[in-house]
Amino acid sequence: MKFKAVDEINHFSFQDCQVVEAEVSLEGIRFQVEALIVRPENSQNTNFTESYAGTTEIRFIGGTITSGVKDGFKYYNADDVLIKEIPDTVLSEDEVSALLKKIEGAYLYEVKDEENEYILALEFVDESDFNTASDSYTLKVKAEKVIVEWDFYMNRVQH
C-alpha cells in the first residue's frame, strides 16, 4: 500500500465512512472501509486538504473488543412529548461476534482514541425505511496501535 498512517486515528474523519468487511484474528481487529476522509494534518496527506482515501484498511494491532453496547434512544412526538424510551443494552461476547458478521454496509461514523482504548460508533441504516430509528452500537477496542493504509486518494471533500 502506498500510504500508511500509524497512531493517527484522530487525523481522519469518519463522517461518511462505510464498512466493507471486518475481521477479528489473533493479530487484532481489521476493518476494510470506503469513504474515509484524510484530514489535512495527517502526515500522509499530500493534498493538504480534506480528501477521500480509496478503499482503506484499518488495523487495530493486538486489538480486542472490551465491550459492546447497543445504543438506546428516546422518541418524541412533534409536541416534544416523550413517547418511547429504549435504554442502552450491553452486548454479550456472542452478540458482539454476531454484530461483526453482519457489519458489511454499516457506517463507522466515529472513532475516538482514549489512550489506546478506541471508541467505535457504528450505525446500521435501513435505507428502505428512513422513518424508523436505525440501530447504532458503540464498541470499545483495546489495542497497542492503529495502522491505517490506503493506495490512493479519490477526490477532495466538498462541503
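Note that the coordinates shown come from a computational prediction; the quantities given were computed from them, not determined experimentally.
Other residues, nucleotides and ligands place no more than 12 heavy atoms under 6.0 Å from the CD atom of E104. Applying the 6.0 Å contact sphere to CD of E41 captures more than 12 heavy atoms from other residues, nucleotides or ligands.
For the pair K112 and F14, the cation-pi test (distance below 6.0 Å, angle within 45°) is failed.
Here the shortest heavy-atom pairing between V19 and V33 reads CA-CG1, 4.2 Å. Taking all atoms of both residues into account, the shortest heavy-atom contact from E21 to I103 is C-CG2, 4.5 Å. Scanning all heavy atoms of the two residues, the minimum distance from K70 to L91 falls at N-CG, 4.0 Å. Here the shortest heavy-atom pairing between V38 and A53 reads CG2-CB, 3.9 Å. The minimum heavy-atom distance between V141 and G63, with the atom names listed, is CG1-CA, 4.3 Å. Contact detail for K102 and Y137: the closest heavy-atom pair is NZ-OH, 4.2 Å.
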Exercise for review: Begin with the C-alpha distance, continue with both residues' side-chain angles, and end with the deciding distance and a verdict on side-chain hydrogen bond (donor to acceptor under 3.5 Å, both in side chains) for T138 and D71.
Suggested key: CA-CA 7 Å; T138 302; D71 301 325; 3.0 Å; yes
Exercise for review: Show your working on ring-ring contact (aromatic ring centres under 6.0 Å, His included) between Y153 and F3 and close with a plain yes or no.
Suggested key: CA-CA 9 Å; Y153 283 95; F3 301 98; 5.0 Å; yes
Exercise for review: For side chain to side chain contact (heavy atoms under 4.5 Å, CB included), just list the numbers for D113 and V111, CA-CA rounded to whole Å, side-chain angles, deciding distance to a tenth of an Å, and then say yes or no.
Suggested key: CA-CA 7 Å; D113 179 1; V111 177; over 6 Å; no
**Study point:** Test salt bridge (Lys or Arg N to Asp or Glu O under 4.0 Å) applied to E114 and K140, step by step
**Key:** CA-CA 10 Å; E114 295 185 354; K140 287 188 179 181; 5.9 Å; no
Review point. Step by step, would you call I29 with E23 a side chain to side chain contact (heavy atoms under 4.5 Å, CB included)?
Key: CA-CA 6 Å; I29 301 166; E23 176 184 59; over 6 Å; no
Exercise for review: Would you check, one step at a time, whether the test side chain to side chain contact (heavy atoms under 4.5 Å, CB included) holds for K74 with L82?
Suggested key: CA-CA 7 Å; K74 294 180 181 180; L82 181 64; 3.8 Å; yes
Check your understanding: Could you go step by step and tell me if V148 and F12 meet the side chain to side chain contact (heavy atoms under 4.5 Å, CB included) rule?
Key -> CA-CA 10 Å; V148 181; F12 293 93; 3.6 Å; yes
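With rounding to the nearest 0.5 Å, the separation of CG in D7 from CD in E144 is 10.0 Å. A distance of 12.0 Å separates CD in E123 from CD in E110, rounded to the nearest 0.5 Å. Separating the OG atom in S51 from the CD1 atom in I37 is a distance of 9.0 Å, to the nearest 0.5 Å. Note that NZ of K4 is 10.5 Å distant from CD of E57, once rounded to the nearest 0.5 Å. Separation of atoms CD (E95) and OG1 (T89) is listed at 8.5 Å; rounding is to 0.5 Å. We find the NZ-CG distance between K101 and L99 to be 11.5 Å, quoted to the nearest 0.5 Å.
The shortest side-chain heavy-atom distance between E117 and T66 falls under the 4.5 Å cut-off. Looking at heavy atoms from C-beta onward, Q32 lies in side-chain contact with T55 at the 4.5 angstrom threshold.
Judged by distance alone, the side chain of D79 and the main-chain N or O of V81 form no donor-acceptor pair under 3.5 Å. Proximity of a side-chain donor or acceptor of R59 to a complementary backbone N or O of K145 within less than 3.5 Å is not detected. Listed for the T64 side chain is no donor-acceptor partner under 3.5 Å among the backbone atoms of G62.
Taking the six-membered ring for Trp and the full ring otherwise, W150 and Y52 have centroids separated by 6.0 Å or more. Taking the six-membered ring where the residue is Trp, the centroids of Y107 and F124 are separated by 6.0 Å or more.
If you chain together hydrophobic residues whose side chains sit under 4.5 Å apart, Y109 and V157 never meet in one group. Follow the hydrophobic side-chain contacts under 4.5 Å out from I58 and you never reach V20; the two are in separate clusters. Hydrophobic clustering of Ile, Leu, Val, Met, Phe, Trp and Tyr side chains at less than 4.5 Å, counting indirect connections, keeps V69 apart from L120. Follow the hydrophobic side-chain contacts under 4.5 Å out from F73 and you reach I83 in the same cluster.
S43 meets the side-chain hydrogen bond (donor to acceptor under 3.5 Å, both in side chains) test with E8; sequence neighbours excluded.
I61 belongs to a hydrophobic cluster whose remaining members, ordered by chain and number, are V6, I147; membership requires side-chain heavy atoms of ILVMFWY residues under 4.5 Å apart, directly or through intermediates.
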